[in-house]
Structure formats: structure tokens, C-alpha cells
Peer 1: 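One structure is given below, represented as C-alpha cells, and several questions about it will come after.
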Amino acid sequence: MAHTIHTMKLPSWDRVYFFVFMATVFATVSYVSILMLPLVELQDPESAEVATVTLLADGQTRLLLLCLLPLVLSVSALLATPRHRQPDRAGKVNIWISTILVYVFIILFIFVSGILFLPTAIMLTAAGVGSHVRRREAKVSAGKFSGRGAGKTSRKRR
């Protein structure tokens, strides 16, 4: 019986694009969780019962629209970042501005829903730092050397 092993191949994206992509995924998951999780407590004054409802069921549509901000910022950083190479200066500025604004959002809305977007901010920070790290470019040799040990000088041994 022959068993075949299927290997999962990850896309060959640039690491900065991968970090921004993951930030967008985390922002999407956070926003969907805001829509689904019961975050509002309502207390009935007559029976003293506490019921929890979602923000949408409570009618807080303005807050839900405001919570779209980190998702929109991460999508804009994703659109400004090239997949297979380092981002240019405008892409780096977009990543850093998006990162700073997501942190401001987290600080302002920490007690409502801001903490849910912390993984997004961490991934955007990694993308911002990764965009400024210099990389060595692979140099293609002009074909001077061939065979084993190409490019190394030989030494005479005594």
C-alpha cells in the first residue's frame, strides 16, 4: 500500500505583505466577533435580571461603524503593500500611519472593544519594523566560475 504525503505549500509572499495580510485577517475576525459576541449588559430594573446582548441587537450602529476603522486601515495597508517585494516609501508610510491609528483606536476604545484589535496592531507593528530592515539582495554571478567551489581561491598546502 503506497501512502502519499501531500505537503502544504505556503505562498511565496514577502514577509511584510504576510504580516499585513495577517493583520487584516485578525481585524476581520475581531470585527466579526464584535458582531457576534454579547458585549452589552442590560439590567431589568423590576426583576434585577441581567441580560447580555450584541451591539447590533442593542442598536449601537454608530459604534459598529466606528469599529470598522481598524479593518479599513489594515485593508488600506494591504492594498499599499506589494506581494513579492519590499514596499516603497509610500507603502511604508501607509503601514506606519495605519499602525499608529490602530493603536490610538485601541487606547480610546479599550473598555468597549479595543482590546480585540490588539493582534492587528501587533502584526502591523511587525510589518512596519520589517519594512525598514535592510535585506541582502541575491547577486547573480556573471558566469565566471563553474563547478564545485566556484569563486573560492585555492591555496597551496605545504
Side-chain angles (χ1 to χ4, degrees), residues 1-40 52-58 60-152:
M1 216 189 297
H3 293 285
T4 59
I5 298 175
H6 297 286
T7 59
M8 187 172 103
K9 184 172 177 152
L10 293 174
S12 62
W13 292 341
D14 186 58
R15 66 178 175 209
V16 175
Y17 185 82
F18 180 73
F19 286 139
V20 176
F21 178 78
M22 289 306 297
T24 305
V25 169
F26 285 139
T28 305
V29 169
S30 298
Y31 188 74
V32 169
S33 67
I34 286 172
L35 290 175
M36 305 298 272
L37 292 176
L39 298 174
V40 179
T52 56
V53 295
T54 62
L55 289 173
L56 191 59
D58 193 38
Q60 297 186 19
T61 55
R62 290 183 184 162
L63 182 61
L64 287 173
L65 287 176
L66 196 57
C67 287
L68 272 175
L69 183 66
L71 181 61
V72 169
L73 290 170
S74 62
V75 167
S76 83
L78 185 68
L79 293 175
T81 306
R83 279 190 189 167
H84 301 292
R85 59 181 171 81
Q86 283 274 105
D88 57 351
R89 185 175 180 167
K92 291 177 186 180
V93 169
N94 189 324
I95 291 171
W96 279 111
I97 288 175
S98 297
T99 304
I100 291 168
L101 290 176
V102 168
Y103 275 115
V104 168
F105 177 85
I106 290 171
I107 290 169
L108 292 177
F109 291 92
I110 192 79
F111 295 113
V112 179
S113 62
I115 197 72
L116 294 173
F117 292 100
L118 191 60
T120 302
I122 291 170
M123 286 292 128
L124 284 175
T125 303
V129 170
S131 70
H132 287 287
V133 173
R134 292 186 180 253
R135 300 182 196 176
R136 282 192 248 163
E137 297 294 326
K139 294 182 182 179
V140 178
S141 63
K144 291 187 210 176
F145 305 104
S146 64
R148 193 170 177 179
K152 292 186 178 181

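Small disclaimer: the values here were computed from a predicted structure and weren't measured. Residues: numbered from 1 along the sequence shown. These numbers come from the heavy atoms of this one structure, side chains and all, not from hydrogens, waters or symmetry mates.
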Peer 1: Looking only at non-hydrogen atoms, find the nearest pair between Gly128 and Ser131 and report the distance.
Peer 2: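 For Gly128 versus Ser131, the nearest heavy atoms are O-OG, 2.7 Å.
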Peer 1: Heavy atoms only: give me the nearest Met36-Thr54 pair and the separation to one decimal.
Peer 2: O-CG2, 3.4 Å
Peer 1: Would you please classify the geometry between the Phe21 ring and the Tyr17 ring as parallel, tilted or perpendicular, with 30° and 60° separating the classes?
Peer 2: parallel
Peer 1: Taking Thr81 for its side chain and Pro87 for its backbone only, find out whether a donor-acceptor pair lies under 3.5 Å.
Peer 2: no
Peer 1: Taking all heavy atoms of Met123 and all of Ala23, pick out the closest pair and write down the distance.
Peer 2: CB-CB, 3.6 Å
Peer 1: Using 0.5 Å steps for rounding, measure from the CD atom of Gln86 to the NE2 atom of His132.
Peer 2: 9.5 Å
Peer 1: Between Thr52 and Pro38 (side chain of the first, backbone of the second, donor and acceptor by atom type, cut-off under 3.5 Å), is there such a pair?
Peer 2: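 Judged by distance alone, no pair lies under 3.5 Å.
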Peer 1: Evaluate the criterion side-chain contact (heavy atoms from CB on, under 4.5 Å) for residue pair Val104 and Ile107; output intermediate values, then yes/no.
Peer 2: CA-CA 5 Å; Val104 168; Ile107 290 169; 5.8 Å; no
Peer 1: How far does CG of Leu35 sit from OG of Ser30, to the nearest 0.5 angstrom?
Peer 2: 11.0 Å
Peer 1: Assess whether side-chain contact (heavy atoms from CB on, under 4.5 Å) is satisfied between Leu71 and Leu68, documenting all intermediate values.
Peer 2: CA-CA 5 Å; Leu71 181 61; Leu68 272 175; 3.9 Å; yes
Peer 1: For the residue pair Thr99 and Ala121, what are the closest heavy atoms and their distance?
Peer 2: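 That would be CG2-O, 4.3 Å.
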Peer 1: When rounded to the nearest 0.5 angstrom, what is the spacing between CD1 in Ile122 and CD1 in Ile106?
Peer 2: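 Interatomic distance, Ile122 CD1 to Ile106 CD1, rounded to 0.5 Å: 8.0 Å.
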Peer 1: Can you measure from CD1 (Ile34) to CD (Gln60) and round to the nearest 0.5 angstrom?
Peer 2: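 The CD1 atom of Ile34 sits 11.5 Å away from the CD atom of Gln60.
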Peer 1: What heavy-atom pair brings Asp14 and Arg85 nearest, and what distance separates the two atoms?
Peer 2: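 Heavy atoms of Asp14 and Arg85 come nearest at OD2-O, 3.4 Å.
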Peer 1: Could you tell me which residues satisfy side chain to side chain donor-acceptor pair (under 3.5 Å) with Ser113, sequence neighbours excluded, listed by chain and number?
Peer 2: none
Peer 1: Closest approach of Val20 and Ser74, non-hydrogen atoms and distance?
Peer 2: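 In this case the closest contact between Val20 and Ser74 is CG1-O, 4.0 Å.
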Peer 1: How far does OG1 of Thr61 sit from CG of Leu66, to the nearest 0.5 angstrom?
Peer 2: 11.5 Å
Peer 1: Between CG of Leu116 and OH of Tyr31, what distance do you get to the nearest 0.5 Å?
Peer 2: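 Interatomic distance, Leu116 CG to Tyr31 OH, rounded to 0.5 Å: 12.5 Å.
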Peer 1: Run Leu124 and Leu73 through side-chain contact (heavy atoms from CB on, under 4.5 Å) and show every step you take.
Peer 2: CA-CA 10 Å; Leu124 284 175; Leu73 290 170; 5.6 Å; no
Peer 1: Sequence neighbours excluded, which residues qualify as ring-ring contact (aromatic ring centres under 6.0 Å, His included) partners of Phe105?
Peer 2: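 By the ring-ring contact (aromatic ring centres under 6.0 Å, His included) rule, Phe105 matches Phe109, Phe117.
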